[in-house]
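Quick caveat: nothing in here was measured; it's all calculated off a predicted structure. Throughout, protein chains are lettered first and strands after them, A, B, ... in sequence-line order, and every chain is numbered starting at 1.
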There are 2 protein chains.
Amino acid sequence: MTKASDRAYQHIRGAILDGSLVPGAQLREEQLAAACGVSRTPVRDALRRLEGEHYVRRNESQRTFVAEWSLDEIEEGFVLRSMLEGYAAARAALRISDSAIEQLCTHNRAIDAAAQADPPDVSAFLDHNRAFHAIVLEGASSERLADLLAGIVEQPVVTRTARQYDRGQIQQSRAEHDELIVAFRRRDPDWARAVMTSHIRRAFHAYHDAFHQRPGKR
Amino acid sequence: MTKASDRAYQHIRGAILDGSLVPGAQLREEQLAAACGVSRTPVRDALRRLEGEHYVRRNESQRTFVAEWSLDEIEEGFVLRSMLEGYAAARAALRISDSAIEQLCTHNRAIDAAAQADPPDVSAFLDHNRAFHAIVLEGASSERLADLLAGIVEQPVVTRTARQYDRGQIQQSRAEHDELIVAFRRRDPDWARAVMTSHIRRAFHAYHDAFHQRPGKR
DNA sequence: CGATGGTTATTTGTATACAATAATGTCCTG
DNA sequence: CAGGACATTATTGTATACAAATAACCATCG
């Protein structure tokens with residue numbers, strides 16, 4: 001997108017991700033336009049894009065709201081993500097370049113460092129974790145698959161989960177990444193798929209524990 | 001969407017599906033606006049929507065073209081569709097209502113009739129086949145899944161394939177649908193998934209035969 | 001007191017004018 | 001004649017005014 005419409009997109013998306021726009025809140029084009037310093041036209045573009053990426057929803061009379069997620073919908077997201085990202089890992093096992101595998105190692109070393117920092121550097125973990133998964137997806141070299149996953153992965157609620165990861169959970173992620181790297185080195189698509197599926201599945205349970213079992217604890 | 005923007009969407013989408021807008025053709029907003037009898041604003045909305053559904057693509061300088069599909073991309077579409085629609089069938093096996101199963105039977109009887117007509121009524125087959133798959137997806141009761149599949153299923157090239165189905169292929173489809181119905185009656189998600197995966201996979205080979213092996217024959 | 005109808009206010013949809021950017025063509029120069 | 005700078009044209013992006021649709025409000029009636 002170009003300048004103004006991109007600015008609106010970043011602004012609104014950022015506000016949703018950092019929680020200043022809460023789920024269920026109504027988004028008025030004129031108000032957003034004022035907040036972003038642009039006119040309604042690029043705001044409308046941004047809202048359509050955010051709707052496609054499931055950050056916002058529109059009701060039957062075309063009014064726009066920050067998306068609210070039920071537990072069922074969130075779990076369904078994790079199931080779909082594990083299926084698609086597992087498939088991505090399988091494809092990547094057969095296609096990823098050695099240099100890309102090296103990059104995976106680099107990011108995973110950074111994740112290890114983030115885990116060992118005191119206190120653990122969760123923000124660094126999030127960044128390198130994101131980069132790690134992006135490289136895997138890139139290695140799958142399927143635009144269509146990347147497109148499907150783009151609409152699933154970035155849920156504010158999921159990001160908030162990972163933000164609460166403790167040292168042990170970060171180390172566990174790192175270990176799973178390491179196993180994936182070995183599967184890649186062996187060019188074993190079935191193994192890669194299984195590791196990735198399990199990795200995502202574990203993330204779901206981390207989310208579930210954090211927000212539905214014993215919220216706030218541990 | 002509302003009136004004008006919906007009209008533009010239908011018009012452009014229809015022109016792509018019936019081939020009057022060929023893959024690779026550039027779409028100019030002003031020209032489309034004139035053709036649809038609306039202004040550029042709703043045309044822009046329609047193009048964004050069609051971009052999300054992969055009917056059109058935009059190049060790096062924001063110009064829009066009718067999407068072109070490589071063989072690899074088409075096969076990838078079939079793979080993803082078999083995976084997701086297989087999962088939909090598995091979910092549906094555990095959730096679909098008896099009355100929905102009855103509807104599936106009705107549509108499949110209509111497909112049988114279409115196969116036995118002389119000449120086979122391919123158009124009726126396409127309609128009832130579409131309805132059949134829609135009911136399965138409905139039975140899966142996952143909005144998110146429905147959303148992902150929406151962006152994959154309706155490829156002009158795929159529709160063109162099915163339009164060339166002969167009597168035997170229609171009968172084969174009907175038989176696979178019947179087996180799926182039995183799997184639903186037994187509430188067996190694994191069976192349902194396997195049948196659906198196989199069903200889609202066969203469709204891919206029908207496409208491949210029709211357009212890449214011996215075009216026009218059989 | 002609740003429901004219903006109509007009036008007002010709010011919000012989104014559309015058209016249009018103008019600005020910005022990319023593509024195209026032309027003319028000069030080596 | 002090739003290549004490149006510049007002017008011209010084509011195309012998309014943005015702002016704004018107005019129209020249409022929807023929701024909110026209030027009064028009136030049962």
d([atom1], [X]; [atom2], [N]) in whole Å:
X     : N      : atom1 : atom2 : value
B/E30 : C/dT14 : CD    : P     : 18 Å
B/F65 : D/dT11 : CZ    : P     : 10 Å
A/K3  : D/dA15 : NZ    : C1'   : 13 Å
A/Q62 : D/dA19 : CD    : P     : 21 Å
A/L32 : C/dT12 : CG    : C1'   : 13 Å
A/R58 : D/dT22 : CZ    : P     : 12 Å
A/D45 : C/dG13 : CG    : P     : 12 Å
A/E29 : D/dT22 : CD    : C1'   : 14 Å

### Query
Does A/R40 place a side-chain N or O at less than 4.0 Å from the phosphate oxygens OP1/OP2 of D/dG13?
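Answer is no, no contact under 4.0 Å.
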
### Query
Should A/R7 be listed as having a side-chain N or O under 4.0 Å from OP1 or OP2 of D/dT14?
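Looking at the OP1 and OP2 atoms of D/dT14, neither is under 4.0 Å from any side-chain N or O of A/R7.
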
### Message
Go nucleotide by nucleotide along DNA chain D from the 5' end; which of A/P42 and B/R28 gets its closest nucleotide reached first?
### Response
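Closest to the 5' end, via its nearest nucleotide, is B/R28.
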
### Query
Where each residue is assigned the nucleotide of DNA chain D containing its nearest heavy atom, which of A/R63 and A/A4 is assigned the position nearer the 5′ end?
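The answer here is A/A4.
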
### Query
Closest to the A/R44 side chain: D/dT11, C/dG13, D/dT14?
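Within the option list, the nearest is C/dG13.
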
### Query
Can you tell which of C/dA23, D/dA23, D/dT14 lies closest to the side chain of A/S61?
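Minimum distance to the A/S61 side chain belongs to D/dA23.
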
### Task
Would you indicate what B/L27 reaches in the nucleic acid, counting non-hydrogen atoms under 4.0 angstrom: base, sugar-phosphate, or nothing?
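Answer is sugar-phosphate: B/L27 comes under 4.0 Å of backbone atoms only.
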
#### Entry: Residue that, paired with B/Y55, satisfies side chain to side chain contact (heavy atoms under 4.5 Å, CB included) out of B/L21, B/L47, B/L17
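Result: among B/L21, B/L47, B/L17, B/L17 is the only option passing the side chain to side chain contact (heavy atoms under 4.5 Å, CB included) with B/Y55.
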
### Query
Is any side-chain heavy atom of A/L180 less than 4.5 Å from a side-chain heavy atom of A/L104?
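Heavy-atom side-chain distance check fails, nothing below 4.5 Å.
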
### Query
Going by atom types alone, do B/D72 and B/S70 pair a side-chain donor with an acceptor below 3.5 Å?
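Distance-only check fails for B/D72 and B/S70.
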
### Query
Any side-chain donor-acceptor pair under 3.5 Å between A/H199 and A/H133?
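Yes - a donor-acceptor pair under 3.5 Å links their side chains.
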
### Task
Test for a donor-acceptor pair under 3.5 Å between the base of C/dA15 and the side chain of B/T41, counting only N and O atoms.
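Answer yes: a donor N or O sits under 3.5 Å from an acceptor.
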
### Task
Quick one: closest heavy-atom pair of B/A140 and B/R95, and the distance?
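Smallest interatomic distance, heavy atoms only, reads O-CD, 3.6 Å.
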
